[in-house]
Amino acid sequence: MNKKTLLGIFLIVGTVALFAAYNQGFFKKKEVEKKNLELIKVGFQADEYMFEALVDTATDKGYFAENGIKVEKVQNTNNLIAALSSGDLDVSLGANTVALLNFLNNQDTVFIDKLINRPPFTGVITRKGNRSELSKAAVAKLAGAGQIYTEVVKSNLGTVEEIDYSVAAIGAPQIAAIESGVADFTVTNVLNDDTKKAVKGKDLEIVSPDDTWKNKELPMGVISTKKLVESKKSSVGGFVKALNKAQEYALGHKKESVDRIKIISKYSESSSSEIFVAYAKTVSSSHKLDENSLKDVMEAVRTLKPKNASRNLSEYIDTQFVK
């Protein structure tokens, strides 16, 4: 038997083997996995640029798919916790304050992954000489209090929606409210030229958050409901695993992360870099939340007289997915 005949036989045998393998599904594994990905709906406020960048990183790098899930981003959610309770969201990325208030009002809320120790705001605008008042309000408002900050911010506006006190871009209405005393302060994610221009020539100052709440623990991370965790345990665990992997990657690849923030926020390179640096400074060394790290948030929430302020916090803290 000559070499050409042998080669022909090997080619025929190889082709048959490949065809058999294909029919057995060896080369369809990824296709099948893709079809079986479970959907997780994740919510965050529109100005949570770094959180959104982490979700995009996990999606683009295939971290979610590796864990059997696909993610739908839900932005501009006015009340993330209400959306969780209604089932419109599976998980949200945000602060403890509203979530903890919801829990102490006997609602189903659990905190499952601590990403950062405090919100990475880069500046607070207030009236000159107002730092003492700002310190009193820092825990509740700068913890991401959202719907509950009327207790700590003076307002004669009727509804809190009329002025957004936690905006990324500072506009004339916010500045006018601070100057007149209607509002005590506003926070900004970015200290860019527009922010500095808005303050220039006025009796206002930009205060670093480190001057008001440097030693406060105001954890932010992944929030869900006990009902959802129990029904989608594998998928929720996969989401947490993928997001943590994305955060580790993002922190090690600043340029790529800044580019993502720039696209999401439409800010300049320097402002996007500032957001990244501020976030990196607040990253938690442990993803596990504990009762002690909630004491500063509890200080704010208790002022609102929740229905069940003594509820056992072990029901709120779920650490099964983190180390």
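If you're wondering where the values come from, they're calculated on a predicted model, not measured in any experiment. All residue numbers in this chain count up from 1 along the given sequence.
Under the 4.5 Å side-chain criterion, counting only non-hydrogen atoms from C-beta, Ile69 is in contact with Ser235. Contact check for Leu89 versus Leu84: side-chain heavy atoms found under the 4.5 Å cut-off. The closest side-chain heavy-atom distance from Glu205 to Thr126 is below 4.5 Å. Side-chain contact check for Val42 versus Glu72: every heavy-atom pair is 4.5 Å or farther apart. Looking at Lys245 and Glu66, their side chains come closer than 4.5 Å, going by heavy atoms from C-beta outward.
No donor-acceptor pair under 3.5 Å is formed between the side chain of His287 and the backbone N or O of Lys323. For the pair Ser257 (side chain) and Ala250 (backbone), a donor-acceptor distance under 3.5 Å is present. Put simply, the side chain of Ser273 never gets that close to the backbone of Glu269: no donor and acceptor are under 3.5 Å apart. A distance-only check finds no donor-acceptor pair linking the side chain of Asp259 to the backbone of Ile261 [under 3.5 Å].
Hydrophobic clustering of Ile, Leu, Val, Met, Phe, Trp and Tyr side chains at less than 4.5 Å, counting indirect connections, unites Leu115 with Val229. Tracing side-chain contacts under 4.5 Å through hydrophobic residues (I, L, V, M, F, W, Y), one never reaches Leu39 starting from Val91; they form parts of separate clusters. Tyr249 and Val283 are assigned to two separate hydrophobic clusters, defined by single-linkage of ILVMFWY side chains at heavy-atom distances under 4.5 Å. Under the 4.5 Å side-chain contact rule for hydrophobic residues, Tyr63 and Val236 do not share a cluster.
For Lys262 and Tyr267, the side-chain atoms include no donor-acceptor pair closer than 3.5 Å. Between the side chains of Ser268 and Ser270, at least one donor-acceptor pair of N or O atoms lies under 3.5 Å. Thr282 and Asn117 form no side-chain donor-acceptor contact under 3.5 Å, judged by distance and modelled atom types alone. Between the side chains of Tyr279 and Glu274, no donor-acceptor pair of N or O atoms lies under 3.5 Å.
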**OP:** Tell me, with the steps shown, if Tyr316 and Glu291 meet side-chain hydrogen bond (donor to acceptor under 3.5 Å, both in side chains).
**Re:** CA-CA 9 Å; Tyr316 175 72; Glu291 292 188 26; over 6 Å; no
**OP:** In sequence, state the C-alpha distance, the side-chain angles, and the governing distance for Lys73 and Asp56, and then conclude on salt bridge (charged side-chain N to carboxylate O under 4.0 Å, His left out).
**Re:** CA-CA 9 Å; Lys73 297 189 300 184; Asp56 288 349; 2.9 Å; yes
**OP:** Please lay out, stage by stage, how Lys70 and Glu38 fare under the test salt bridge (charged side-chain N to carboxylate O under 4.0 Å, His left out).
**Re:** CA-CA 6 Å; Lys70 57 183 177 181; Glu38 184 166 13; over 6 Å; no
**OP:** Could you walk me through whether Ile112 and Leu289 pass side chain to side chain contact (heavy atoms under 4.5 Å, CB included), step by step?
**Re:** CA-CA 8 Å; Ile112 57 180; Leu289 186 68; over 6 Å; no
Original post:
Could you go step by step and tell me if Ile263 and Tyr49 meet the side chain to side chain contact (heavy atoms under 4.5 Å, CB included) rule?
Top reply: CA-CA 10 Å; Ile263 292 169; Tyr49 306 122; over 6 Å; no
Subject >> Worked verdict on Gln107 versus Asn105 for side-chain hydrogen bond (donor to acceptor under 3.5 Å, both in side chains) >> reply: CA-CA 6 Å; Gln107 300 300 309; Asn105 279 325; over 6 Å; no
Original post:
So Arg260 and Thr57, side chain to side chain contact (heavy atoms under 4.5 Å, CB included) or not? Walk me through it.
Top reply: CA-CA 8 Å; Arg260 287 186 187 278; Thr57 298; 3.1 Å; yes
Original post:
Passes side chain to side chain contact (heavy atoms under 4.5 Å, CB included), Val74 versus Asp88? Steps please.
Top reply: CA-CA 9 Å; Val74 183; Asp88 292 333; over 6 Å; no
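Atom CD1 in Ile317 sits 9.5 Å away from atom NZ in Lys114 (nearest 0.5 Å). Atom CD1 of Ile40 is separated from atom CG of Leu228 by 6.0 Å, given to the nearest 0.5 angstrom. For the atom pair NZ of Lys295 and CG of Asp290, the computed distance is 10.5 Å after rounding to the nearest 0.5 Å. In this structure, Met298 CE and Leu101 CG are separated by 10.0 Å, a value rounded to the nearest 0.5 Å. Here CG of Leu204 is found 9.0 Å from CD1 of Ile206. Values are rounded to the nearest 0.5 Å. Taking CG of Leu93 as the start and CG of Leu243 as the end, the distance is 6.0 Å to the nearest 0.5 Å.
The only member of Asp108, Val110, Leu313 that meets side chain to side chain contact (heavy atoms under 4.5 Å, CB included) when paired with Phe103 is Leu313. Checking each of Asp90, Asn67, Asn244, Val222 against Phe239 for a side chain to side chain contact (heavy atoms under 4.5 Å, CB included) leaves exactly one that passes, namely Val222.
Atom NZ of Lys41 is surrounded by more than 12 heavy atoms from other residues, nucleotides or ligands within 6.0 Å. In this structure, Lys241 places its NZ atom where only 12 or fewer heavy-atom neighbours from other residues, nucleotides or ligands lie under 6.0 Å away. In the displayed structure, Lys202 atom NZ is contacted under 6.0 Å by more than 12 heavy atoms of other residues, nucleotides or ligands. Heavy atoms of other residues, nucleotides or ligands lying less than 6.0 angstrom from CD of Glu248 number 12 at most.
Between Gln247 and Leu54, the shortest heavy-atom contact is CA-CD2, 3.6 Å. Closest heavy-atom contact between Ala58 and Ala242: CB-O, 4.0 Å. Shown here for Pro219 and Val297, the closest heavy-atom pair between the two residues is CD-CG2, 4.0 Å. Residue Phe44 comes nearest to Val55 through the heavy atom pair CE2-CG2, 4.3 Å, listed as atom of the first residue, atom of the second, then distance. Residues Ile81 and Ser92 share a closest heavy-atom pair of CD1-OG, 4.4 Å.
Classification of Lys226 and Glu315 as a salt-bridged pair fails, no side-chain N sitting under 4.0 Å from a carboxylate O. Between Asp203 and Arg127, no side-chain nitrogen of the basic residue sits less than 4.0 Å from a carboxylate oxygen of the acidic one, so the salt-bridge criterion is not met. Salt bridge annotation for Asp113-Lys288: absent, with no cationic side-chain nitrogen under 4.0 angstrom from a carboxylate oxygen.
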